[in-house]
Amino acid sequence: MTELKNDLLLKALRGESVERPPVWMMRQAGRYLPDYIKLREKYDFFTRVQTPELATEITLQPIDQVGVDAAIIFSDILVIPQAMGVEVLMEEGKGPSLPRTIKTQEDIDNLITTGVEESLGYMYAALNLTKKELNGRVPLIGFAGAPWTILCYMVEGKGSKTWDKAKQFAYTQPALAHQLLQKITDITILYLIEQVKAGADTVQVFDSWAGSLSPADFKIYAQPYLFQIATALKPYAPVILFPKGSWYALEDITGSDASGVGIDWCITPQMARQLTNNSITIQGNFDPAMLLAPIPEIKKAVTTMIDAFGPQRYIANLGHGITPNVPVDHARAFVDAVKSYSI
Ligand code: CP3
């Protein structure tokens with residue numbers, strides 16, 4: 001195995017001291033990069049995801065062009081429902097749609113639940129190839145969607161501001177919701193373990209729509225499944241949980257088997273440190289829209305952010321994914337500002 005030349009991310013996750021915080025950006029591979037847009041014109045979304053050479057090329061673009069301290073494999077959280085036999089369409093500019101939504105016990109019984117992790121072989125091939133091409137430059141991050149967020153898409157059938165159909169399903173048929181959440185959890189655990197075996201140095205679980213739940217419902221429909229994943233993966237690799245919007249869960253998450261927790265920009269660094277008692281690595285929480293500010297403002301805001309979190313047990317990142325309208329030199333300014341932070 002090639003030794004990592006830059007292991008800042010893994011050091012931060014282990015709580016070891018670093019000379020500066022590591023930096024990467026959620027959704028760093030993709031839409032705002034001109035070279036990605038060129039590939040998008042030639043191949044449809046799932047061809048890009050399922051062809052290891054293309055997924056590797058896209059994964060490496062932000063390493064070469066923006067200089068981040070970690071690579072995140074190019075894929076999507078919706079490959080899990082897809083592998084469970086649910087059709088997923090990705091329409092350019094419109095986002096994902098799943099024409100056959102989950103409504104009944106029969107729908108759940110019809111899902112493919114055995115050997116699912118084996119049908120995702122293209123993902124492991126992409127991780128393997130990316131690991132080889134990285135040649136130890138930076139660590140490689142694997143990922144999956146959290147059970148609640150995957151349920152949201154499987155029940156709702158498309159993106160939503162309120163996720164009211166997904167919540168209606170949970171509130172009217174809680175036993176079915178838990179069955180579905182458990183099936184997704186079991187598959188996700190096997191899938192993430194395979195990702196680690198294929199070369200992922202750490203894995204992140206994206207609970208992008210956790211914030212649609214009340215704190216009480218988060219504890220019922222999201223947290224137990226996130227924690228099962230963290231516990232199961234712990235012997236394999238450090239886990240980062242990102243329950244977007246669920247700042248109130250920080251205290252509980254600190255007591256889980258996760259090594260890191262992602263936060264969005266709606267909580268101050270001071271409050272996040274207080275709730276986590278400085279005993280879990282925090283990742284975040286730059287407002288992605290701030291990347292549209294003038295470059296000197298971005299640089300100032302980055303320094304303020306790191307000062308507020310403190311440079312240890314900290315991973316500089318955005319509070320959610322980078323948006324397609326961010327100029328590449330602004331993304332680079334964000335990364336450079338973290339890299340030039342001196343302790
Ligand atoms: O982070 C990375 O660079 C790796 C690639 C990655 C993609 N999707 C590629 C993608 C990752 C980590 C994801 C995760 C993902 N997918 C999440 C969780 C993170 C988050 O943003 O909350 C979610 C909710 C999805 C579901 C999804 N996929 C949506 C809502 C959309 C459409 C909106 C959008 O982001 O453009 C997608 C499509 C998608 N996934 C694109 C990319 C690059 C855009 C399609 C394209 O232009 O190629």
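For ligands, and for the atoms within them, numbers begin at 1 and follow the listed sequence.
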* Under the ring pair (Phe, Tyr, Trp, His ring centres under 6.0 Å) test, which residues partner Y171, sequence neighbours left out? -> none
* **Residues in contact with ligand 1, criterion: heavy atom under 4.0 Å** => R27, Q28, A29, R31, Y36, R40, F45, R48, I72, I73, F74, S75, D76, I77, M90, E92, G95, P96, F143, Y153, F206, S208, H320
* Identify, with sequence neighbours excluded, every residue that meets side-chain contact (heavy atoms from CB on, under 4.5 Å) alongside D164. => E156, S160, T162
* Which residues pass the side-chain contact (heavy atoms from CB on, under 4.5 Å) test with K219, sequence neighbours left out? -> Q223, D252
Would you kindly say whether [X] and [Y] are connected by a side-chain donor-acceptor distance under 3.5 Å?
X: T104; Y: D107; answer: yes
X: Y36; Y: R48; answer: yes
X: Q182; Y: Q228; answer: yes

